[in-house]
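I have placed the structure first, in the form of structure tokens, so that the comments after it can refer back to it.
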Amino acid sequence: MSALALTPAFVAGMAIGRFDLTRIRTALILAGSGIVMLVIGKTLATFVLPGWSLRFEQWLISAQGIAPMQPDEYAIWPLITLKIFSIIPSYTFNIEENIRFV
């Protein structure tokens, strides 16, 4: 994972570390807010996201045939491969390890 993806976890850890963690009230607030976030997340995952996912997949299937020219699925940069290969000279190596144009 990238450092940018882990940044919220580090910031949350630093913020929680600033609390007085020896008090029962702080522990109950942290546990209660964690349970609330868990319930909200599970509710969204159960009832909201499946509908959005189904609608997105249906839209994606309907939008697949819109492109006038399909890119080459094996090319790294599909739309510019012909331009790149027409301007880059090819190189070969001979026995003496010298580079020459073909």
Legend entry - Shortest non-hydrogen separation from Ala45 to Pro50 and the atoms involved: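 That would be O-CD, 3.3 Å.
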
Inset, instruction - Identify, with sequence neighbours excluded, every residue that meets side chain to side chain donor-acceptor pair (under 3.5 Å) alongside Thr22. - result: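 With neighbours one apart ignored, the set is Asp20.
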
Legend entry - From CD (Glu57) to CG (Leu60), nearest 0.5 Å: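 Glu57 CD to Leu60 CG: 8.0 Å, rounded to 0.5 Å.
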
Legend entry - Nearest-0.5 Å distance that lies between atom CZ in Phe19 and atom CD1 in Ile29: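 So the CZ of Phe19 and the CD1 of Ile29 are separated by 8.5 Å.
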
Legend entry - Leu21 atom CG, over 12 foreign heavy atoms within 6.0 Å: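 Atom CG in Leu21 is crowded, with more than 12 foreign heavy atoms closer than 6.0 Å.
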
Legend entry - Crowding at CG, Leu4 (>12 non-hydrogen neighbours, <6.0 Å):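 Not buried by this count: 12 neighbours or fewer within 6.0 Å.
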
Inset, instruction - Would you kindly confirm whether Leu44 and Val36 end up in one hydrophobic cluster when ILVMFWY residues are joined by side chain heavy atoms under 4.5 Å apart? - result: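 Yes.
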
Inset, instruction - Give a yes or no on whether Met37 and Phe47 share a hydrophobic cluster (residues Ile, Leu, Val, Met, Phe, Trp, Tyr; joining criterion: side-chain heavy atoms under 4.5 Å apart). - result: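 Different hydrophobic clusters.
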
Inset, instruction - Indicate yes or no for a side-chain donor-acceptor contact from Thr46 to the backbone of Thr43 under 3.5 Å, with no hydrogens or angles considered. - result: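 Not at all, since once roles are kept as given, no pair shorter than 3.5 Å links the two residues.
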
